[in-house]
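The next block holds one structure in the form of C-alpha cells; read it before the comments.
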Amino acid sequence: MRLAIIADIHGNADALGAVLADLRQHGADRLIVNGDVVNRGPDSVEVMETLLGQPGVSFSLGNHDDLLRLWEQRSETLPSDWFADPFWGATDWSARQLDRAGLLHVPADWPMALTVSHPELPDVRIAHGTADHYRESLSEKTPVDRVQALRSQGKNEAAVLVGSHIHRPAQATIDGTLVLNTGAVGAPANRDPRAQYLLLSVTAQGWVPELRAVPYDRQGCCAGLRPAACCALDSAHRFSGTR
C-alpha cells in the first residue's frame with residue numbers, strides 16, 4: 001500500500017495537476033486530501049471538481065473549507081469586521097464562485113480526522129490540524145503529552161500521526177510515534193515554491209514516509225489571480241489563526 005496525502009491546495013490548479021501526475025508516477029494506491037482544498041488561489045472550483053473526480057479519494061476537513069461555508073452564512077463565529085476588510089476579498093470571491101457551482105457545502109460531510117488501518121501495521125491517524133481541531137498543528141515541536149493523547153484517540157492506538165495546516169513539511173519521532181506534516185501543495189511557507197506532499201508506504205520496516213516537492217509552472221496561477229487573491233496569497237500569515 002502506498003498513500004498519497006496532499007493538503008493546502010488553496011485553489012491552485014497548476015500545483016495540484018503537478019502533484020497528481022507525480023503521485024501517479026510513483027504508484028500511489030490511495031489519495032487522501034487533508035483539508036484546505038479551496039480559497040486564496042484563483043481555481044477553487046476547478047480544484048474541487050478535479051479532486052472529487054479522483055477514484056477512491058478521501059477528504060478531511062480543513063479550516064478554509066469550513067471558512068467559506070461560514071463566510072457565505074455570515075456566521076457570528078467570524079469577526080464582523082472581516083466582511084468589510086479588503087484582505088478577505090479573495091475569500092468572498094471564492095465563496096461566491098463555489099456557491100454558483102453548487103460546491104460550497106460539499107465539505108459539510110468531511111470528517112475532522114481519518115484513520116488508515118493495515119492488517120499488519122498500527123494505524124495512521126490523519127487530520128488537517130488534529131482530530132480535536134483543524135487549526136491545531138502537528139510538527140517536530142508538538143509536545144510529548146499531546147502526541148500521547150492524539151495517538152490514543154480512536155479504536156486503536158496510532159503509530160503515525162499526519163497533519164497539515166502549517167504549510168511546511170515536517171518529520172519527527174516523538175515518544176516512539178512518527179509525527180509528519182505534509183507541507184502544502186498550493187501555498188508553501190518554507191521558502192520552497194514547489195508543490196509539496198507526502199507519500200506513505202507500507203514496507204517490511206513498517207510505515208515509511210517520503211516528503212516530496214514537485215516543480216511546476218507558477219505563471220498560470222499568478223496570471224489568474226484577482227488583486228484580492230494576490231493580496232491574500234502575499235499576506236498568507238497575517239492571520240495565523242486562519243492559516
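Treat the numbers as computed from the prediction; the structure is a model and nothing was measured.
- Hydrophobic clustering (side-chain heavy atoms under 4.5 Å, transitive across Ile, Leu, Val, Met, Phe, Trp, Tyr) groups I9 together with V19.
- Evaluated for a side chain to side chain donor-acceptor pair (under 3.5 Å) with W71, the options D99, T91, D92 yield exactly one hit, D92.
- Between N190 and P169, the shortest heavy-atom contact is ND2-CD, 3.3 Å.
- The two residues A18 and Y216 come nearest to each other via the heavy atoms CB-CB, 3.7 Å.
- Side chains of L3 and V116 form a contact here, defined as non-hydrogen atoms less than 4.5 Å apart.
- Checked by atom type and distance alone, the side chain of H128 pairs as donor or acceptor with a backbone atom of N34 at under 3.5 Å.
- D132 is listed as a side-chain neighbour of L150, based on a closest heavy-atom distance under 4.5 Å.
- Using a 4.5 Å cut-off between side-chain heavy atoms of Ile, Leu, Val, Met, Phe, Trp and Tyr, with links allowed through other members, V185 and I166 fall into different hydrophobic clusters.
- Remark: R168 CZ to T182 OG1 distance equals 11.5 Å, nearest 0.5 Å.
- Shown here for N39 and A90, the closest heavy-atom pair between the two residues is OD1-O, 3.7 Å.
- Residues I32 and L199 do not share a hydrophobic cluster, clusters being chains of Ile/Leu/Val/Met/Phe/Trp/Tyr side chains in contact below 4.5 Å.
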Inset, instruction - Give the C-alpha distance, both sets of side-chain angles, the deciding distance and a yes or no for side chain to side chain contact (heavy atoms under 4.5 Å, CB included) between L114 and S60. - result: CA-CA 7 Å; L114 298 165; S60 65; 4.2 Å; yes

Scan the side chains in residues 117-124 for donor-acceptor partners under 3.5 Å anywhere in the protein, sequence neighbours excluded, and list what turns up.
unit_1: S117; atom_1: OG; unit_2: D123; atom_2: OD1; d: 2.9
unit_1: H118; atom_1: ND1; unit_2: E120; atom_2: N; d: 3.1

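- Each of L200, V162, L138 was compared with I126 under the side-chain contact (heavy atoms from CB on, under 4.5 Å) criterion, and only V162 meets it.
- The two atoms that bring I174 and S139 nearest to each other are CD1-O, 3.8 Å, heavy atoms only.
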Let me have the donor-acceptor pairs involving side chains of residues 50-59, under 3.5 Å, with sequence neighbours excluded, atom names and distances please.
unit_1: T50; atom_1: OG1; unit_2: E46; atom_2: O; d: 2.8
unit_1: Q54; atom_1: NE2; unit_2: T50; atom_2: O; d: 3.1
unit_1: S58; atom_1: OG; unit_2: R30; atom_2: NH2; d: 3.2

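- For the atom pair CD (E140) and OG1 (T173), the distance works out to 12.0 Å, reported to the nearest 0.5 Å.
- Counting heavy atoms from C-beta on, the side chains of R125 and V160 never come closer than 4.5 Å.
- Judged as a side-chain hydrogen bond (donor to acceptor under 3.5 Å, both in side chains), not a single pair has a partner in residues 101-112 (not counting sequence neighbours).
- Under the 4.5 Å side-chain heavy-atom criterion for ILVMFWY residues, no single connected hydrophobic cluster contains both V147 and L178.
- Taking CG from L31 and CZ from R24, the interatomic distance works out to 9.5 Å, rounded to the nearest 0.5 Å.
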Legend entry - Derivation of the side chain to side chain contact (heavy atoms under 4.5 Å, CB included) call for R96 and L104: CA-CA 8 Å; R96 286 186 282 111; L104 182 63; over 6 Å; no

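- A salt bridge links D22 with R212; the closest basic N to acidic carboxylate O contact falls under 4.0 Å.
- Here the side chains of E136 and Y134 are not in contact, with every heavy-atom distance at 4.5 Å or above.
- L16 and L98 fall within a single hydrophobic cluster, where Ile, Leu, Val, Met, Phe, Trp and Tyr are joined by side-chain heavy atoms under 4.5 Å apart, directly or via other members.
- Side-chain contact check for L23 versus H26: every heavy-atom pair is 4.5 Å or farther apart.
- Separating the CG atom in L78 from the CD atom in Q73 is a distance of 9.5 Å, to the nearest 0.5 Å.
- The line from CH2 of W88 to CG of D81 is 10.0 Å long, rounded to the nearest 0.5 Å.
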Legend entry - Test side chain to side chain contact (heavy atoms under 4.5 Å, CB included) applied to D145 and Q148, step by step: CA-CA 5 Å; D145 60 345; Q148 292 171 339; 4.3 Å; yes

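- Taking both residues in full, the closest heavy atoms of P209 and L198 are given as CB-CD1, 3.9 Å, listed atom of the first, atom of the second, then distance.
- Residues E72 and L68 are not in side-chain contact: their nearest non-hydrogen atoms beyond the backbone lie 4.5 Å or more apart.
- If you look at H10 and H167, their ring centroids are closer than 6.0 Å.
- Under the 3.5 Å distance criterion, with hydrogens and angles disregarded, no donor-acceptor pair is assigned to the side chains of N181 and Q171.
- For the side-chain contact (heavy atoms from CB on, under 4.5 Å) test with T177, the passing option among T142, L161, V144 is L161; the others fail.
- The shortest heavy-atom contact between N12 and G186 is ND2-O, 3.3 Å.
- For the atom pair CG of D43 and CD of Q97, the computed distance is 10.5 Å after rounding to the nearest 0.5 Å.
- Listed for the D8 side chain is no donor-acceptor partner under 3.5 Å among the backbone atoms of D36.
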Legend entry - salt bridge (Lys or Arg N to Asp or Glu O under 4.0 Å) evaluation trace for R2 with E210: CA-CA 10 Å; R2 177 168 287 178; E210 180 183 357; 5.7 Å; no

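- A 4.5 Å side-chain heavy-atom check between Q196 and L211 finds every atom pair outside the cut-off.
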